[in-house]
Structures are given as C-alpha cells and as structure tokens.
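Ligands are counted one by one from 1 in listed order, and the atoms in each one are counted from 1 as well. All values reported here derive from a predicted model rather than from experimental measurement. Numbers for residues simply follow the sequence, beginning at 1.
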Amino acid sequence: MLFIDNQGIYDPRVNLAIEEYALKHLDLTDSYLLFYINEPSIIIGKHQNTVEEIHVDYVRDRDIHVVRRLSGGGAVYHDFGNLNFSFITKDDGKSFANFRKFTEPVVQALQQMGVQATLSGRNDLLVDDKKISGNAQFSTRGRMFSHGTLMFQVNIEPLVHALQVKQEKIQSKGIKSVRSRVANIRDYLAESMTIEEFRQRLLESIFAGQNPIPEYKLTEQDWAKINEISCERYQNWDWNFGESPVFNVQHSKRFPIGSIDVRLQIGEKSMIESCKIYGDFFGVGDVSDLEKKLVGIRYDRHSLEEALCDVDISYYFGNLAKEEFLDFLY
Ligand SMILES: Nc1ncnc2c1ncn2[C@@H]1O[C@H](COP(=O)(O)OC(=O)CCCC[C@@H]2CCSS2)[C@@H](O)[C@H]1O
C-alpha cells in the first residue's frame with residue numbers, strides 16, 4: 001500500500017477530485033491510502049437531493065461548501081477538526097459493502113490511542129454509543145474506495161444546524177439521512193494531541209513496521225487531470241445540486257440497505273415521463289441507468305415488471321430483491 005500525501009489542501013472540491021483521480025487512473029496493482037481535511041463543508045451522498053439535506057440559508061450565510069460525492073449514504077459535515085481517510089483499491093468482488101475490512105485498521109489505531117471504538121449499524125464507528133465516524137464506499141470497473149470521516153474535534157453546533165433542513169421541507173419529504181448522536185475523538189484520547197499528530201499516529205499504526213512509509217507523489221500530469229475533474233464535477237452546480245425533481249408520484253421507504261425515494265412524473269396515457277431515484281442506499285450500479293429504463297413505459301405493474309425483467313436490482317440496491325422493489329414502485 002502507498003500513502004498519497006496531500007497535506008495543506010483543504011478544498012473539498014480538490015480533495016474529492018484527488019480521490020476520484022486515484023481511483024480511476026492510478027495503477028491499482030498497489031492500494032493507496034489518502035487522508036484529507038476539508039474546510040467547512042457538507043458532503044452529500046451520491047443519490048441525495050441536496051436541497052432536502054441542508055439548511056440553505058445557514059449554509060449560504062456561512063460560506064459552507066456543498067459538494068456531492070461518488071459514494072452512497074447520507075450527508076455529513078466537515079471542518080478543520082474532521083479527518084477523512086480513504087482506502088483506494090481493486091474491487092475483488094468481495095470487498096464492496098464490507099465495512100469491517102476497511103475500518104478495522106482505523107479501529108485498531110484508535111484502540112492503541114485509548115479510544116474504544118467499535119463498528120456498528122450499517123456504516124458507523126461508535127464510542128460510548130456515539131458516532132465518531134461515518135463510512136461509505138464506491139465501486140466502478142473493478143476498482144473501489146472505502147472512505148470515512150473521523151470526528152477529531154468538530155464544531156458540533158454548525159454540524160447540527162447545517163444539516164437541519166427547514167421545517168416545511170421536512171414535512172414534504174419522508175426520508176432523511178440517518179441522524180445520530182455524535183462525539184469527538186479528542187474527548188476520549190488517553191493523551192492530548194493535535195489533529196496533525198492524530199493523523200501521524202494513524203498513519204504509523206496502519207503502516208506498522210514500514211519505515212519510511214511508502215509514498216506515492218502526485219506528478220504534474222496527475223495534477224492536470226485532478227484539476228480537470230475538480231472543475232468538471234466538484235465545482236459544477238449541475239453535479240452538486242442538479243435540477244429539482246418534478247414528480248407526481250413519490251414513494252419513500254427505508255430498507256436494510258438504506259432509504260430509497262422514487263419520484264415519477266406520469267404523463268398522458270399513464271406514461272412515465274421522468275424518473276428520479278434518491279436515497280442513502282449502497283449499490284454498485286449507476287441508478288441513472290435504471291431511471292432511464294423506467295422512462296417511456298406505462299405506469300402499471302405489468303409494464304414495470306417487463307421493463308425490469310433483465311435488470312439485476314441488487315446491482316443497484318445492495319441485496320434488495322426485485323419483487324420488493326416492484327412492490328415499492330407500484
Ligand atoms: N463528520 C461527521 N462524522 C460522523 N458523523 C457525522 C458527521 N457529520 C454528521 N454526522 C452525523 O451522521 C449523520 C449522517 O449519517 P449517514 O449514515 O446517513 O451518512 C454517513 O455517515 C455518510 C458518511 C460519508 C463519509 C465520506 C468520507 C469522506 S467524504 S464523506 C448526520 O445526520 C449526523 O448525525
């Protein structure tokens with residue numbers, strides 16, 4: 001495994017581009033570990049409807065970045081007290097959805113520092129029943145990353161406010177990110193340290209026995225492509241916010257693999273004119289392919305079944321069965 005050093009970069013639109021670049025373009029014969037700290041930001045899950053996850057006025061007034069990421073899951077808040085880790089590796093077909101594999105080295109490092117963290121629920125690390133880390137994954141073409149937050153010393157007040165959607169919006173929508181009681185790691189450490197020292201301790205624990213720690217240095221060529229990805233995707237309103245959905249059928253439900261929220265606009269002769277799928281579910285497939293499959297067909301059970309007959313639903317939504325998805329749609 002190689003360590004990618006990006007210290008000194010705090011812009012989430014660049015950090016997420018480094019991660020995407022490493023995933024898609026670096027030689028994954030080796031795995032990589034990337035750490036990043038972002039200035040105040042909300043990082044939205046791939047399938048979420050941004051305006052329904054944030055307090056728009058609060059976020060605008062405080063210049064908090066709002067950036068969508070590639071992985072599924074819910075919305076989290078980052079600031080200079082939050083350290084993110086990302087393992088970028090080949091997807092051997094067994095690792096996706098295995099959160100234990102990628103959080104274990106971090107849990108061990110935390111335990112060495114006196115912090116009794118455990119993996120619990122779908123994707124959280126807890127101390128004292130409080131969440132200190134949220135994790136998510138993304139897989140594409142045999143490559144994947146598994147990344148997580150580490151709340152070292154996050155300012156809790158803006159975290160709560162920025163993720164608190166305005167009241168009228170909550171009422172218009174069934175499904176939200178999974179809100180948790182959160183805590184900061186610093187409060188549980190055996191000895192005090194700065195976030196930089198914390199990062200160093202994690203690094204030394206994960207690369208135990210390797211001195212010096214093997215590093216991959218980003219080249220000028222890498223940087224040119226990273227900046228391109230950053231501009232095209234993470235600095236782009238279309239990606240981060242996108243168009244608001246129009247719909248006249250909305251179904252929301254929480255499944256074991258996460259929440260799914262489907263909005264359909266039904267036109268003349270019962271035809272589906274547009275389809276949008278939101279949620280904090282985990283899956284490998286790009287749901288926009290599924291959305292496209294549903295457009296142009298009749299909104300009745302039989303037509304839906306026909307349209308989905310050659311579709312592997314679990315590819316998009318973890319291990320959800322097709323029947324369950326059809327019952328949910330219609
Ligand atoms: N920074 C941070 N760390 C841990 N938990 C948080 C954080 N911010 C908010 N929350 C809490 O988690 C829920 C959302 O939980 P939920 O389970 O819905 O979503 C996640 O955990 C996603 C984790 C994504 C990690 C990526 C790693 C690199 S870029 S972002 C939110 O409502 C708060 O209660």
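- Between atom 29 (S) of ligand 1 and the options Tyr36, Phe152, Phe85, the minimum heavy-atom separation is to Tyr36.
- The number of heavy-atom neighbours closer than 6.0 Å to CZ of Arg233, taken from other residues, nucleotides and ligands shown, is above 12.
- Around atom NZ of Lys293, no more than 12 heavy atoms belonging to other residues, nucleotides or ligands sit under 6.0 Å away.
- A distance of 6.0 Å or more separates the ring centres of Phe96 and Phe282.
- Contact annotation: Val154 has no heavy atom less than 4.0 Å from any atom of ligand 1.
- If you check each of Ser259, Ser133, Gly258, Ser180 against atom 34 (O) of ligand 1, the one with the closest non-hydrogen atom is Ser180.
- Of all atoms in ligand 1, listed by their number and element, those nearer than 4.0 Å to a heavy atom of His78 are 29 (S), 30 (S).
- Heavy-atom proximity to Asn123, at under 4.0 Å, picks out these atoms of ligand 1: 17 (O).
- Classification of the Phe85-Phe87 ring pair by plane angle, with boundaries at 30° and 60°, yields perpendicular.
- Under the side chain to side chain contact (heavy atoms under 4.5 Å, CB included) criterion, Thr89 pairs with Ser31, Phe102, Met144, sequence neighbours left out.
- For residues 141-162, the set of pairs meeting the salt bridge (Lys or Arg N to Asp or Glu O under 4.0 Å) definition, not counting sequence neighbours, is empty.
- For ligand 1, the polar-atom distance check against Ala75 finds no nitrogen or oxygen pair separated by under 3.5 Å.
- Of the polar atoms of Asn82, at least one N or O is found under 3.5 Å from an N or O of ligand 1, judged by distance alone.
- Residue Asp187 qualifies as enclosed at atom CG: its count of foreign heavy atoms under 6.0 Å is above 12.
- Considering both main-chain and side-chain atoms, Asn84 never comes within under 3.5 Å of ligand 1 through any nitrogen or oxygen pair.
- The residue Leu150 has no part lying near ligand 1, judged by heavy-atom distances below 4.0 Å.
- Close contacts between ligand 1 and Asn135 involve ligand atoms 23 (C) [criterion: under 4.0 Å to a heavy atom].
- Comparing Gln137, Arg181, His147, Lys131 by heavy-atom distance to atom 5 (N) of ligand 1, the nearest is Lys131.
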Decide yes or no on ring-ring contact (aromatic ring centres under 6.0 Å, His included) for Tyr32 and Phe3, but give the supporting numbers first.
CA-CA 6 Å; Tyr32 298 85; Phe3 170 60; over 10 Å; no

